[in-house]
Amino acid sequence: MKLSQENAQVFVPDESVSPFERVTHLGIGAHQDDLEILAYEAIEKCYSNKSKWFGGVTATNGAGSSRTGAYANYSDAEMAAERIREQNKAAYVGDYAFQAQLDFPSNILKDPSDQSCINDLVQIIEASKPEYVYMHNLADKHDTHIALATKCIAALRKSTHKPNKIYGVEVWRDLDWMNDEDKEILAADKRPNLAQTLIGLFDSQITGGKRYDLAIQGRRIANATFYASHESDDTEGMSYAMDLTPLINDESINIVDYTVSYIESFKNDVTNRINKFLE
Ligand SMILES: [Zn+2]
């Protein structure tokens, strides 16, 4: 496999000589730690399971990360190296089949005309042939996440392998606003020790300014509690996703129209609910 960026790397925790072929669940995230937020269901399902394997792909090099406290004086290169190291630690702890770090600067990822990330992703998807893909959803509010999501869809459309299901998962901006019947529910309450350990490994982000460890746990618990169809909490943590599979199976579907259809569905729900109680 020839990845486009000079310092791209593939870490294989168990040193298997065929890390890709065994993959059943593939996660594709923009930054180091996004996989542990958006693909935890997949990571946990594959953990210590010899018939299921999670493959992780991280697209950016982490050089542009914010930094404070102990990391305040890190150069961009030192910060990138630290973030890559943290992501590989998570791959080791989480028993990933492989962890690819594509090493893209954000500006290349955000260039609509640049095909290099799409080509890298096609190679990984065709080598891994995953049944399930976990990626960023199209209503996220982080530009890099959206840029990568569009590259992922292009790669999945181009790839000769079509996964059974593509989940666009919440990271920056949750998906609580989606109508419950439109939501895909991802379990996030199994092995809470593993969930906390994985997110806790990203010390440069947590000590460096944001309590993602608490925020992610809080969001998952809140989702489980406020999910309407549950009369009582029979799960203690869940994440929400948008089903992106139709975009891959039918290339004529416009990506913007598809995403906005969920917003229209939300708008209709709000409108009808208020109208019920007006004279
Ligand atoms: Zn991110």
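Computed from a predicted structure; not experimentally measured. Just so it is clear, the values below take in all heavy atoms, side chains as well, and ignore hydrogens, waters and symmetry mates. Numbering of ligands and ligand atoms starts at 1, following listing order.
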Item checked: Spatial distance of atom CG (D176) from atom CZ (F266) [nearest 0.5 Å] ->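 CZ of F266 is found 8.5 Å from CG of D176.
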Item checked: Any donor-acceptor N/O pair, N179 side chain to D182 backbone, under 3.5 Å ->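 It does not hold such a pair.
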Notebook entry, point to check: Which residue pairs satisfy the salt bridge (Lys or Arg N to Asp or Glu O under 4.0 Å) criterion with at least one member in residues 112-129, sequence neighbours excluded?
Noted result: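 For residues 112-129, and leaving out neighbouring residues, there are no salt bridge (Lys or Arg N to Asp or Glu O under 4.0 Å) pairs at all.
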Next item on the list: Could you give me a count of protein N/O/S atoms that are under 2.8 Å from the Zn ion (ligand 1)?
Entry: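 With waters ignored, the protein N/O/S count below 2.8 Å is 4.
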Note to self: Between K165 and E184, is the salt bridge (charged side-chain N to carboxylate O under 4.0 Å, His left out) condition met? List the steps.
What the structure shows: CA-CA 11 Å; K165 190 89 177 182; E184 293 288 333; 3.2 Å; yes
Note to self: Using 30° and 60° as the class boundaries, would you call the ring planes of F98 and F20 parallel, tilted or perpendicular?
What the structure shows: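 Judged by the thresholds at 30° and 60°, the geometry between F98 and F20 is tilted.
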Next item on the list: Mark yes when over 12 heavy atoms from residues, nucleotides or ligands other than K110 sit less than 6.0 Å from its NZ; otherwise mark no.
Entry: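 More than 12 within 6.0 Å, yes.
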